[in-house]
Amino acid sequence: MPVPRSTPPEAASRGAGRYAPSPSGDLHLGNIRTGVLAHLCARSTGRPFRWRVEDLDRVQEGAAERQRADLESLGVRIDPPVLVQSARTDRFAAHISALAAAGLTYECYCPRREIQAAPSAPHTPPGAYPGTCRDLDPSTREAARARLRENGREPAIRLRTEHEEVEVADDLLGPVRGVVDDFVLRRGDGVVAYNLAVVVDDGESGIDQVVRADDLASSAPRQAHLAGLLGFAVPRYVHVPLVLSPTGARLAKRDGAVTLRELTALGFDVWAWLGESCGFGPWDGMERALAEFDLARLDRRPVTFTPPEA
Ligand code: GLU
């Protein structure tokens, strides 16, 4: 089995950075901060900057266009090609087939709630899949498949792993380690799972720098493992602090004025906040941000945003 390897820092000229929001609504200030940071990380290391629409579920009509327009209005420059996940189902299917042909997948018939309630097998991370469907005999599989079919569902497809411990390089967090479980590649509703889609898209579009919020850091070992199996180089990761609301929960639309439009209407200085929350003092636009940005100086502390009163 190939050993995942991280792209060395000096490989900048060969790869690209990206931002990959889910088009479930307008970007809030936390998403905007992550997107601007992804742009700054790419440009400051000489990388092109790409955009991906992660529209496999949770899509709101027109949101992808508005998200992009918002970041472009802040001076984010996007290089082609733009990947749209819903148009790439054949690529995802091809990679799942290749894994299946290598004996690295199995069907899973477990309902979601059963998976969550099941005790973890020894040496697996909390919440990891306990392997219920891993070694079933063919007749049990056939009966389980028939039961799902009656309910209009199909089996999920899981990756067969050895619970490898994988370490990835994160330019902000340092080494991030995790045990890889038999995670889902395709869900029971036929939709390709996030981890598979991300790895295939990043791998096929030459992304070698992944900047995103740190709530996804725990996914990086799984994704790196899968990248290695599919023959892609593992990107360098930069997991930036997730922006929180004053309650300590992740910032959300219901917290008040949080979108670019809402904040601008209230006279809130988005650029000043971005610069200050990153530890550089107030910025006044992309030009200044590009001139001052240095990943080594990025403030790593958690970020809290209190929406201004209307
Ligand atoms: N679509 C994910 C989000 O909006 C980001 C996925 C990624 O960057 O890998 O949080």
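By convention here, the first residue in the shown sequence is residue 1. Order of listing sets the numbers, starting from 1, for every ligand and every atom in it. Quick note: numbers below take in every heavy atom, side chains included, and nothing from hydrogens, waters or symmetry partners.
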Query - Of Q60, R66, R261, K253, the residue whose pairing with D26 passes side-chain hydrogen bond (donor to acceptor under 3.5 Å, both in side chains) - result: R66
Between ligand 1 and the protein, tabulate every N or O atom pair separated by less than 3.5 Å, reporting distance only.
{"residue": "ligand 1", "atom": "1 (N)", "partner": "A20", "partner atom": "O", "Å": "2.8"}
{"residue": "ligand 1", "atom": "1 (N)", "partner": "S22", "partner atom": "OG", "Å": "3.0"}
{"residue": "ligand 1", "atom": "1 (N)", "partner": "E54", "partner atom": "OE1", "Å": "2.7"}
{"residue": "ligand 1", "atom": "4 (O)", "partner": "S22", "partner atom": "N", "Å": "3.2"}
{"residue": "ligand 1", "atom": "4 (O)", "partner": "S22", "partner atom": "OG", "Å": "3.3"}
{"residue": "ligand 1", "atom": "8 (O)", "partner": "R18", "partner atom": "NH1", "Å": "2.6"}
{"residue": "ligand 1", "atom": "9 (O)", "partner": "R18", "partner atom": "NH2", "Å": "3.1"}
{"residue": "ligand 1", "atom": "9 (O)", "partner": "Y194", "partner atom": "OH", "Å": "2.9"}
{"residue": "ligand 1", "atom": "9 (O)", "partner": "R212", "partner atom": "NH1", "Å": "2.9"}

Requested in this report: Please find out if less than 6.0 Å separates the ring center of H95 from that of F232.
Outcome: yes
Which pairs of donor and acceptor atoms, one on a side chain in residues 303-310, lie under 3.5 Å apart (sequence neighbours left out)?
none

Requested in this report: Run the salt-bridge test on R236 and D208 with the 4.0 Å N-O cut-off and return the result as yes or no.
Outcome: no
Query raised in the report: Should Q85 and V200 count as side-chain neighbours, where that means a heavy-atom distance under 4.5 Å?
Result: no
Query raised in the report: If you draw the axis of the six-membered ring of Y129, does the NZ or CZ of R158 fall within 45° of it and under 6.0 Å from the ring centre?
Result: yes
